[in-house]
Every structure is written in structure tokens, then in C-alpha cells.
Amino acid sequence: MGSIIMEPDDIVTYAGETASPVRNFTTICTAVGRTDSKGIFNHSNPLGYSVPLLLLELSLASLAILLISRLLRPLNQPIVVSQILGGIILGPSILSRNFTFSSTIFPLRGIILLDVLSGFGYMFYFFLIGVNMDPWVVMKINKKTSAIGFATVAVSMLLSTGWSFLMKQNVSLDPNVAKSLPVVAQMESALSFPVVAYFLSELKIINSDFGRVAMSSSMVSNLCSFFLVTTSVMLHQSPHDSYQALQTISNSIAVAVAVIFVIRPLAMWMIRHNPEGEPIRESHVIVLFAAVLVTGFCSQALGLHIYYGPLILGITIPAGPPIGSALVEKLELMTSWLFMPLFFVKNGLVINIFALRLKSYLTVQSTALMSAVGKFIGAFVASLCCRMPTIDAITLGLVLNAQGVLELGLYKMMKKNKAIDNESFVIMCTSMVLVQGAITPIIKSIYDTSRRYVVYKRRTVMHSKPNSELRVLICIHDLNKVPAAINLLEALNPTKRSPLFVYVVHLVELVGRANPLLIHHKLSKRPSSNARTSNHIVKAFRCFEQNNEGHVSVHPFTAISPTKTMHDDVCTIALDKRTHLVIVPFYKTFHSSGAIESYRRNVMMTNRKMLDKAPCSVAILVDRGLLKSSRPILESWSSYRVAILFLGGPDDREALALATRMATHRNINLTLIRLLQNGNITSDDTKERKFDNEVVSEFRTSLAGHYRVMYIEEVVMDAAGTIAVIRSIENQYELIMVGRHHDSQSPLISGLVDWNEHNELGAIGDVLASAEFLRNTTILVVQQLTNLEKESHNTHTINFRDQTTVGEETEDVPIKM
């Protein structure tokens with residue numbers, strides 16, 4: 001029967017490593033009555049009882065891993081390295097070398113509860129792996145990823161297997177180690193898709209183009225590895241076990257069929273009867289938790305591994321909200337940081353790295369490293385043949401060497417089946433730490449995720465042709481943000497000569513899926529079942545498109561990705577579609593009553609990364625709750641008042657370029673308020689001041705005689721004067737626009753930076769957003785693109801005048817890595 005409970009051989013190993021007097025035994029006895037301690041004040045030793053001892057072991061395991069992860073953070077180490085090291089440190093390699101410590105904290109009588117609880121953690125961990133897996137990723141495999149995935153496993157297998165036979169023939173080894181070498185080569189050549197997906201997520205590149213190629217390639221490698229491991233297990237079965245092997249396969253199929261045709265329909269019924277947008281009911285979650293336990297029981301009863309049933313159950317659970325995300329949210333923290341540390345401690349209790357023989361260590365370790373080199377060479381060469389950039393090929397070769405808990409469980413299984421000896425098992429565990437600890441810092445140092453968003457020329461509103469199309473990308477996190485976004489687009493005055501291309505991206509946090517999704521709704525007329533919450537948003541923007549037929553083209557997307565990498569999808573779309581402006585919502589919602597509703601944290605994180613890495617200009621829309629309906633107010637209002645606060649600099653010039661497009665709208669009254677120090681409007685002391693004067697002069701000339709456009713100059717001496725000007729426009733405008741960055745040495749904002757609560761809005765934007773007297777005013781904070789590879793010196797002026805002929809727009813070429 002498959003099991004993860006500590007095997008007798010492991011207990012003997014632990015007893016020997018910790019100098020325990022126990023050697024030959026068949027049973028570990030513990031008194032049933034010694035579970036709860038009466039307390040130290042009643043002369044009762046808490047560690048002599050099962051429950052207090054288990055609580056102490058739980059605490060030590062979690063704290064040890066947490067402490068090591070914090071210590072290794074400067075070295076950019078992944079969490080699996082901290083987990084394995086935490087178990088090794090608590091084991092006989094370090095702390096349990098002391099007999100007093102081992103016999104007090106990890107006595108043999110406490111192994112039973114330790115095993116049982118770690119078994120629960122392992123079972124739920126595999127259930128979460130299944131929930132996070134997307135079986136349909138197989139449909140996304142193409143020739144390129146198939147070649148990379150196959151080459152990764154094939155080259156690794158050839159090199160490591162050849163090396164193992166070479167070692168067996170030329171080095172005198174312990175018979176057990178020599179017997180284990182070919183299996184070590186095969187196991188080290190195996191690759192797990194969930195581990196690679198988790199590693200990519202930890203590197204924050206899972207939803208990049210590179211991440212998608214890596215996941216598809218790892219799926220191919222995973223399939224090859226599955227056949228490899230299955231063949232290896234079958235080869236090491238004794239002849240009389242053939243019937244048992246066939247029975248095991250039959251039982252596996254029976255459990256899978258039962259889960260797919262009984263429990264999955266139940267989960268689908270729960271989804272259909274759950275109100276849209278509402279969290280899953282607690283009773284449904286409890287039913288699924290019970291299903292995990294039942295499938296684990298059935299697996300054990302049929303002679304399968306305890307994690308098999310929960311893994312299949314997790315795969316069949318629909319990913320994402322409402323069920324998948326709820327299960328991950330409720331289980332992940334408890335499983336990863338409470339129960340799984342016990343698994344790593346239990347694993348560490350049978351690892352004594354100081355008991356290894358040098359010759360055995362060098363032989364097995366060299367075989368494992370040869371397998372890692374084979375994976376790298378296979379992936380690297382295949383990637384180059386598929387015309388991937390060199391840096392991407394190197395990074396992919398390193399990523400496909402990722403290892404984790406699945407590999408650790410595989411090693412334990414092969415040790416239990418006597419395919420490898422204990423010494424080889426220990427060396428493979430240490431090899432995992434070395435390989436994983438080496439590749440992670442290298443990847444983070446050579447792979448710059450933001451560089452692929454750098455462009456050669458400016459993608460800004462200011463530098464776009466006045467009568468050419470304007471490409472705008474709108475980020476939506478919440479349905480409530482749609483009215484403000486639509487009205488801002490309407491204010492940009494789309495016409496036949498200057499059409500508006502709108503790319504709407506509904507950003508949904510990825511929970512309960514290993515790989516992200518990017519859904520293009522324009523490609524299908526049917527609503528997507530993977531993005532039910534996006535359908536209302538898509539419908540609203542399609543209505544906007546229909547109301548502006550011939551002037552507006554809307555392209556809706558849904559991006560389901562982790563919070564830390566949401567900006568990657570937005571930047572990728574902005575780069576591919578050559579957008580001039582990305583509009584993102586502010587992470588707080590201001591209501592007309594003055595109350596503030598805190599928005600989700602992922603909005604703030606995405607906005608800040610967009611400001612740093614976007615390949616075009618970015619504007620933050622601060623919706624103060626004025627707009628309550630989805631109907632554009634510009635259709636019903638005779639006057640929509642817009643103001644631009646102009647202090648100078650590229651961001652203010654970009655805001656002015658947006659305002660210029662709004663100026664000719666029949667319902668917009670536009671006011672340019674320029675703040676000047678000491679009345680100096682003609683000084684050309686600095687290059688920036690010269691550009692500011694040219695832009696303002698061009699604006700005034702092009703719109704001279706336009707009765708809906710007004711120009712005001714305000715002379716101020718210091719920041720107090722700036723605040724006074726802002727207070728003077730109280731409730732006079734529906735929209736106020738301002739640049740994000742200004743000269744920090746300017747007296748006009750001196751002191752305001754020190755009180756800046758929201759850095760992403762800049763000094764003036766923060767004042768506007770925080771001002772209680774501007775209750776019904778929407779704020780737009782604009783930042784012009786600055787991260788250019790090459791920049792022309794004569795790119796600062798705006799051509800405001802109409803052009804009768806419009807040339808073709810030159811396509812911007814992104815920088816290849």
C-alpha cells in the first residue's frame with residue numbers, strides 16, 4: 001500500500017542518527033492517557049504528553065522555515081530552499097545531533113502524530129496543486145514548445161544515464177549506491193509542470209510571453225517525465241508483483257472516473273446555484289473539504305498513494321472564482337505554513353549530511369548535476385533553434401531545472417520501493433537545494449522583465465499626429481469604474497478624422513489556477529465562462545462603441561493573473577497595440593459624501609508598476625463618485641467644465657495635449673490655468689521652460705477665438721499660493737487634469753512633497769485627490785512616457801493645427817532582449 005507515513009527504515013535511520021537506544025522494534029507504544037498535560041504547576045512535564053509536544057513541533061517547524069526564508073531573502077532564494085533547509089537544520093544534521101534536543105523535542109513516541117498531521121498537510125497540498133493546475137494547457141502546446149519540452153528531458157536523460165553507467169564501470173562504489181545510480185539519473189531528469197508554474201509565479205514572470213512558453217514546454221516535459229517515472233517504477237517491481245501493478249492501475253482509473261463523474265458534477269452544480277459575484281457558500285466549501293478526505297481514504301483503501309485522490313479532485317475542480325479561489329484562499333496559508341513544515345521536518349529527521357561518504361556524494365551529486373546540465377543544454381539549444389532571444393533561451397534552460405515538493409515526494413517513493421538507497425536519497429535532497437539555490441539568483445540577475453517594454457520612440461498623446469487615431473488602453477478592476485472611464489473617453493472627442501481605438505482590460509486576480517489567462521472577447525460572440533464577471537463590463541463598452549459608430553473601436557480583454565504580475569498583461573497589450581495612453585483607476589474611491597472607500601491593494605500595486613514600466617504615457621483616474629450611471633454625461637449636459645493646472649514639465653505638457661483633443665468637443669468648456677513664479681513667462685533660462693512656453697504659445701494660437709476655451713495665468717510665490725489657487729476653483733469644474741511630476745526645487749510645490757500621502761499621484765495630484773472641498777470633481781493625473789532607448793532632441797512641441805492629409809504612422813519597434 002502506498003503511504004507517506006514514516007517507513008520502518010526511516011524510523012531506524014532516525015533512531016540511529018540521533019543515537020537513540022532503540023534499534024530493533026516492531027511497534028512504537030504511547031500511552032492513550034498521556035495526551036493533555038495537567039500543567040507545570042501540577043508537576044507535569046508538558047513535553048511528556050502528545051498534544052503539547054505536537055504543538056511545540058508545529059511551532060518550531062514553522063518558525064524555523066520562516067526564519068531561514070527571511071535570512072535568505074537578500075540572496076533571492078525560493079521558498080523551497082528554506083523549507084528543505086529548515087527540515088535539515090532541525091534534523092540530525094545540526095540540532096538533533098544533540099541527544100537531549102532530539103529525545104526531548106522529537107522523541108520516537110511523537111513520530112505517530114507528527115506523521116499523521118504531516119500526512120494531512122501533504123494530502124491537502126496536492127489538492128491545492130490540482131486546483132492550481134489547468135489541464136487545458138495541453139491545448140496550447142505547439143511545435144515550438146513540444147520541441148523544447150522533449151529536448152529538455154531527452155538530452156538530460158542521455159547525459160545523466162550515460163554518466164551513471166560510466167561511474168559504475170570506473171569507480172568502485174558501495175553496491176547500494178551503484179544500484180541506485182541509473183534510477184537517480186532518471187529521477188533527476190524528470191520535470192514537473194506545477195513546480196515550474198509555481199516557480200514562474202514566484203519569479204513574477206508567469207504571465208509574460210516567456211512564462212507562457214516555459215509553462216507549455218514544462219507540460220510537454222512533464223508528460224515525458226510521467227512515462228519515464230512509470231516505466232522506472234514498473235522495471236523495479238518484482239515479477240510476482242505484475243498482477244498487483246495491474247490492479248493498482250485499475251484502481252487509479254476507477255478513482256479518477258468516480259471523481260470526474262460524481263464529484264465534479266456536484267462542484268458544477270454549486271457554481272450554477274451560487275449567486276454571480278458572490279463568494280461561495282460555506283456549506284459548499286465544507287462539502288469539498290470532506291470530499292478531499294473521502295478521496296484520500298479511498299486512495300489508501302485501494303492501495304494507492306494518499307495524495308492521488310485529492311490531486312485528481314483538485315484538477316477536476318473548476319479553477320478561479322468562485323470555488324477554486326475560495327478553496328485556495330482558505331487552505332493555502334494553513335497548509336503551506338502549518339502542516340507542510342511538518343513534512344519537511346519529518347523529511348529532515350532522516351537526513352544527516354555529515355554521515356555521507358565523500359566518494360558516494362561526489363558520484364551521485366555529479367550524476368544529478370549532469371542531469372541539470374542536460375536540461376539546460378536541451379532547452380537552450382532547442383530555444384535557439386526556435387529563434388528565441390539568447391537571454392530568453394538561457395533563462396528558459398534555468399527555469400526548467402526548477403524542483404520542489406513533487407520531486408521530493410518522488411524521491412521518497414523511489415526510496416520506499418527500494419529503487420534508491422538512503423544515502424542516494426539524502427544526496428538528491430541536498431542536490432535539490434544546491435541547484436534551486438543557484439538558478440534563482442542567476443535568473444533574477446540576467447532576466448530584466450521591464451526591458452521588453454522599452455521602445456525606441458515616444459508613444460505619447462503629445463507626439464501623436466493631431467488628426468490620426470488615438471490608441472487608449474483602459475484598465476478596469478471593478479464595474480463601478482466603468483462610467484467614469486467611458487465619460488473620459490467621450491471627452492477625448494473621437495471623430496472620423498481622429499478616431500479612438502480603445503483597448504479595455506478587465507484585471508482579475510488569479511487565485512486557484514497555475515497559469516494565467518488573457519481572453520480577447522472580440523474573437524468570440526459568446527460570453528466566456530472563464531470571465532463571467534467581465535461580461536457586464538464588455539457590454540457597457542460595446543454600447544459606447546455602438547453610440548459612436550465609425551468613431552470608436554473597442555477591443556475588450558480579460559486578464560486573469562497574479563497581483564504581482566498584473567502589469568505584465570497590461571504592458572504587453574500596450575506594447576503590441578502601440579497605444580499612446582494607459583488609463584488606470586486610483587485605488588481609492590471617493591464618494592460625494594466625502595467618505596473614502598478603500599479599494600483593493602492589487603490596484604495600488606498594479607498602478608505603481610505601470611507608472612514605472614509602461615511603454616507609453618499613463619494617466620491615473622481619480623473617480624470621486626460623481627458619475628453614477630453608465631450613460632455618458634456629455635450627451636445630456638450642455639457644459640462639461642475641464643481645467644488644466646499647468647506648472648511646467650513633460651507631464652503637464654502631456655496633460656495639455658489631452659486637453660487639446662477635448663477642446664473642440666461641443667459640450668466642453670476648457671480652462672488652462674498656468675501657475676507662474678514672479679510673473680516670469682518669457683525667461684528661457686532652462687530648456688524645460690523654453691519648451692513650456694512654446695507649447696502654451698502654440699495652444700493659445702491654435703485655439704484663439706474659441707469661445708469655450710479660456711487661458712488664465714496665476715502668479716504665486718510659494719506652495720501656499722499654489723494651494724490658494726487650488727482652493728479658488730472649488731466646485732467649478734467636473735474634471736481637473738494635472739501632470740504627475742514637477743520640479744522638486746520649485747517654490748511652487750516646496751513643502752508639498754513632504755506631505756505627499758499618495759506618491760503615485762505626485763505633489764499636486766495628491767492635494768487635488770485629498771481636498772475635501774473638491775467633492776464632485778474627477779481628477780486625472782498624467783505621466784508622460786520617459787523610458788526610451790533613443791530619443792530625438794526635437795520632440796517636445798505639439799502640432800495643434802489641423803492637417804488635411806495624414807501620413808501613415810511609423811510602427812514602434814520594441815527592444816529585443
Side-chain angles (χ1 to χ4, degrees), residues 268 270-281 318-326 472-491 494 500-513 516-549 552-561 563 566 569-570 573 582-591 597 599-600 602-603 606-607 621-636 778:
M268 299 304 296
M270 293 177 182
I271 293 178
R272 288 193 300 268
H273 288 77
N274 194 72
E276 186 173 348
E278 295 293 326
I280 193 70
R281 296 171 184 171
I323 288 186
S325 57
V472 180
L473 191 153
I474 301 284
C475 295
I476 300 293
H477 292 265
D478 193 292
L479 184 62
N480 296 330
K481 299 298 181 182
V482 172
I486 290 179
N487 279 281
L488 179 59
L489 295 174
E490 177 70 24
L500 195 61
F501 283 74
V502 181
Y503 302 92
V504 182
V505 183
H506 180 207
L507 296 173
V508 181
E509 184 179 8
L510 173 67
V511 182
R513 184 186 288 273
L517 290 178
L518 181 61
I519 304 168
H520 188 186
H521 296 276
K522 203 77 171 181
L523 299 178
S524 175
K525 296 181 179 179
R526 295 173 53 190
S528 173
S529 60
N530 290 317
R532 295 193 305 162
T533 57
S534 301
N535 294 332
H536 297 297
I537 296 174
V538 172
K539 183 178 179 180
F541 278 95
R542 280 179 173 160
C543 290
F544 169 64
E545 180 183 28
Q546 293 171 2
N547 293 335
N548 295 270
E549 188 174 359
V552 175
S553 178
V554 174
H555 303 268
F557 295 83
T558 294
I560 306 176
S561 56
T563 301
M566 275 185 177
D569 277 327
V570 180
I573 296 174
V582 172
I583 301 175
V584 296
F586 188 47
Y587 71 94
K588 286 184 179 179
T589 300
F590 296 80
H591 296 284
E597 176 190 351
Y599 204 54
R600 294 186 299 176
N602 59 354
V603 182
T606 303
N607 289 355
L621 180 61
V622 184
D623 176 21
R624 300 179 68 91
L626 172 66
L627 310 176
K628 298 299 182 183
S629 66
S630 59
R631 182 184 179 186
I633 62 173
L634 294 178
E635 294 181 358
S636 56
T778 300

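Reckoned from all heavy atoms, side chains included, excluding hydrogens, waters and symmetry mates. FYI, the numbering just counts along the sequence from 1.
- In this structure, CG in Asn480 is found 9.5 Å from CD1 in Ile537, a value given to the nearest 0.5 Å.
- Partner Ile476 forms a side-chain contact (heavy atoms from CB on, under 4.5 Å) with one of Val508, Val584, Val482 and no other, that one being Val482.
- Looking at Asp623 and Phe586, their side chains never come closer than 4.5 Å, going by heavy atoms from C-beta outward.
- Side-chain contact between Ile573 and Leu518 is present, with at least one heavy-atom pair separated by less than 4.5 Å.
- Closest of all the heavy-atom pairs between Pro585 and Cys475 is CD-O, 3.3 Å.
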CA sep, side-chain torsions, deciding dist, call: Glu509, Met566, side chain to side chain contact (heavy atoms under 4.5 Å, CB included) | CA-CA 8 Å; Glu509 184 179 8; Met566 275 185 177; 3.9 Å; yes
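- With sequence neighbours left out, the ring pair (Phe, Tyr, Trp, His ring centres under 6.0 Å) criterion links Tyr503 to His555.
- Residues Leu489 and Ile474 form a side-chain contact, since some pair of their non-hydrogen atoms from C-beta on lies under 4.5 Å apart.
- You'll find the side chain of Val504 stays beyond 4.5 Å of the side chain of Val538, heavy atoms only.
- With sequence neighbours left out, Phe501 forms a ring pair (Phe, Tyr, Trp, His ring centres under 6.0 Å) with no residue at all.
- Separating the CG atom in Leu507 from the OG1 atom in Thr606 is a distance of 6.0 Å, to the nearest 0.5 Å.
- For the pair Glu490/Asn548, a side-chain contact is recorded, criterion being any heavy-atom separation below 4.5 Å from C-beta on.
- In terms of heavy atoms, Val552 sits closest to Glu545 at O-CG, 3.4 Å.
- Contact check for Asp569 versus Val505: no side-chain heavy atoms found under the 4.5 Å cut-off.
- The nearest pair of heavy atoms linking Ile486 to Ala540 is CD1-O, 3.8 Å.
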